[in-house]
Visitor: 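Before we start, here is the structure in question, set down as structure tokens.
For the numbers below, each heavy atom of this structure counts, side chains included, while hydrogens, waters and symmetry mates do not. Numbers here are sequence positions counted from 1.
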Amino acid sequence: QVQLVESGGGLVQPEGSLRLSCAASGSMFSIYAMGWYRQVPGKQRELVATITSGGRTNYADSVKGRFTISRGNAKNTVYLQMNSLKAEDTAVYYCNAVRATMTATYDYWGPGTQVTVSS
């Protein structure tokens, strides 16, 4: 099992910045990717950014050039630096970890942290 806890959300003005953190605990064996997703009421959860154990990153088109995902030195922490925030970035942000075995993949989720972009 993997436990994920997000922090760093809050209220920020448009064009402001926030840094989200996700701390993972438990068995990190075979965790090959971690990432951030977000969800607003009435819509599906959507990918924001992911990073593999090898450091390969992937971003949603809507955040490219504004958000940066990174991992801590201990590999059990993932960050999301969000710059030039827009109102449409308002959502609950969830940390995700993916475990891959020979026969299946498993998704783990944190409880989420609210990000509100408003003047």
Side-chain angles (χ1 to χ4, degrees):
Q1 283 287 345
V2 176
Q3 293 78 42
L4 304 171
V5 179
E6 304 96 340
S7 61
L11 173 65
V12 63
Q13 292 187 340
E15 295 304 314
S17 298
L18 278 177
R19 188 193 196 206
L20 303 183
S21 300
C22 173
S25 60
S27 174
M28 297 298 289
F29 180 74
S30 294
I31 297 295
Y32 80 86
M34 295 183 70
W36 292 93
Y37 290 71
R38 65 188 182 188
Q39 189 171 23
V40 297
K43 292 189 176 181
Q44 286 190 328
R45 192 170 297 186
E46 64 176 10
L47 178 147
V48 176
T50 61
I51 185 167
T52 68
S53 57
R56 182 176 299 178
T57 59
N58 181 49
Y59 295 92
D61 287 342
S62 60
V63 306
K64 283 181 181 177
R66 300 188 298 122
F67 291 10
T68 303
I69 190 170
S70 61
R71 296 185 75 159
N73 291 333
K75 306 296 185 192
N76 64 341
T77 304
V78 63
Y79 305 100
L80 185 69
Q81 178 66 44
M82 305 185 294
N83 299 327
S84 301
L85 283 160
K86 305 175 182 180
E88 50 263 43
D89 295 317
T90 295
V92 177
Y93 284 70
Y94 296 91
C95 182
N96 168 262
V98 181
R99 182 193 304 279
T101 69
M102 292 290 290
T103 57
T105 58
Y106 303 89
D107 277 282
Y108 301 93
W109 297 95
T113 185
Q114 177 72 46
V115 172
T116 302
V117 184
S118 176
S119 56

Visitor: Once rounded to the nearest 0.5 Å, what's the spacing between atom OG1 of T113 and atom CG of L18?
Guide: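 One gets 9.0 Å once the value is rounded to the nearest 0.5 Å.
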Visitor: Cationic tip of R99 within the cone over Y108's six-membered ring, i.e. under 6.0 Å and within 45° of the normal?
Guide: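 R99 over Y108 ring: no.
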Visitor: Output yes when a side-chain donor or acceptor of E6 lies under 3.5 Å from a complementary backbone atom of G112, and no otherwise.
Guide: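 Yes; at least one donor-acceptor contact below 3.5 Å.
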Visitor: Output the distance between atom CD (Q44) and atom CD (Q39), rounded to the nearest 0.5 Å.
Guide: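 Rounded to the nearest 0.5 Å, the CD-CD separation comes to 8.5 Å.
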Visitor: Same cluster or not: are M34 and Y106 linked, directly or through other Ile, Leu, Val, Met, Phe, Trp or Tyr residues, by side-chain heavy atoms under 4.5 angstrom apart?
Guide: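 Cluster IDs for M34 and Y106 match.
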Visitor: Work out which heavy atom in S84 is nearest to a heavy atom in S17; give both atom names and the distance.
Guide: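 Smallest interatomic distance, heavy atoms only, reads N-OG, 4.4 Å.
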Visitor: So if I apply the side-chain contact (heavy atoms from CB on, under 4.5 Å) rule between C95 and each of V78, L20, V5, which one comes out positive?
Guide: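 By the side-chain contact (heavy atoms from CB on, under 4.5 Å) criterion, C95 pairs with just one of V78, L20, V5: V78.
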Visitor: Drop me the distance from L4's CG to Y94's OH, to the nearest 0.5 angstrom.
Guide: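 Between atom CG of L4 and atom OH of Y94 there are 13.0 Å.
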Visitor: Nearest 0.5 angstrom please: I69 CD1 to T50 OG1, how far?
Guide: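 Reported value, rounded in 0.5 Å steps: 6.0 Å.
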Visitor: Can you give me the closest heavy-atom contact between S70 and I51, atom names plus distance?
Guide: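 What the structure gives for the nearest pair is CA-CD1, 4.2 Å.
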Visitor: Looking at T116 and T90, would you say the former's side chain and the latter's main chain have a donor-acceptor pair under 3.5 Å?
Guide: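 Looks like no, no N/O pair under 3.5 Å.
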Visitor: A quick test of your reading: do over 12 heavy atoms of other residues, nucleotides or ligands sit less than 6.0 Å from CD of E88?
Guide: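 Yes, because the 6.0 Å sphere around CD of E88 holds more than 12 heavy atoms from other groups.
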Visitor: Quick one: closest heavy-atom pair of R71 and S53, and the distance?
Guide: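 Shortest heavy-atom contact: NH1-CA, 3.5 Å.
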Visitor: As an exercise, state the distance from CD of E46 to CZ of R38, rounded to the nearest 0.5 Å.
Guide: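 Rounded to the nearest 0.5 Å, the CD-CZ separation comes to 4.5 Å.
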Visitor: With a 4.5 Å heavy-atom cut-off, do D89 and R66 have their side chains touching?
Guide: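 In short, these two side chains touch, coming nearer than 4.5 Å.
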Visitor: What are the two closest non-hydrogen atoms of S119 and P14, and how far apart are they?
Guide: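 That closest heavy-atom pairing would be N-CD, 3.7 Å.
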Visitor: Is K64 paired with D61 through a side-chain N to carboxylate O contact shorter than 4.0 Å?
Guide: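 The answer is yes: the pair qualifies as a salt bridge.
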Visitor: Could you tell me whether the side chain of Y79 and the main chain of T68 form a donor-acceptor pair under 3.5 Å?
Guide: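 Looks like no, no N/O pair under 3.5 Å.
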Visitor: With rounding to the nearest 0.5 Å, note down the distance linking OG in S118 to CG in L85.
Guide: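 Atom-to-atom, S118:OG and L85:CG are 12.0 Å apart.
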Visitor: Below 30° counts as parallel, above 60° as perpendicular, anything between as tilted: where do the rings of W109 and Y37 land?
Guide: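 Perpendicular.
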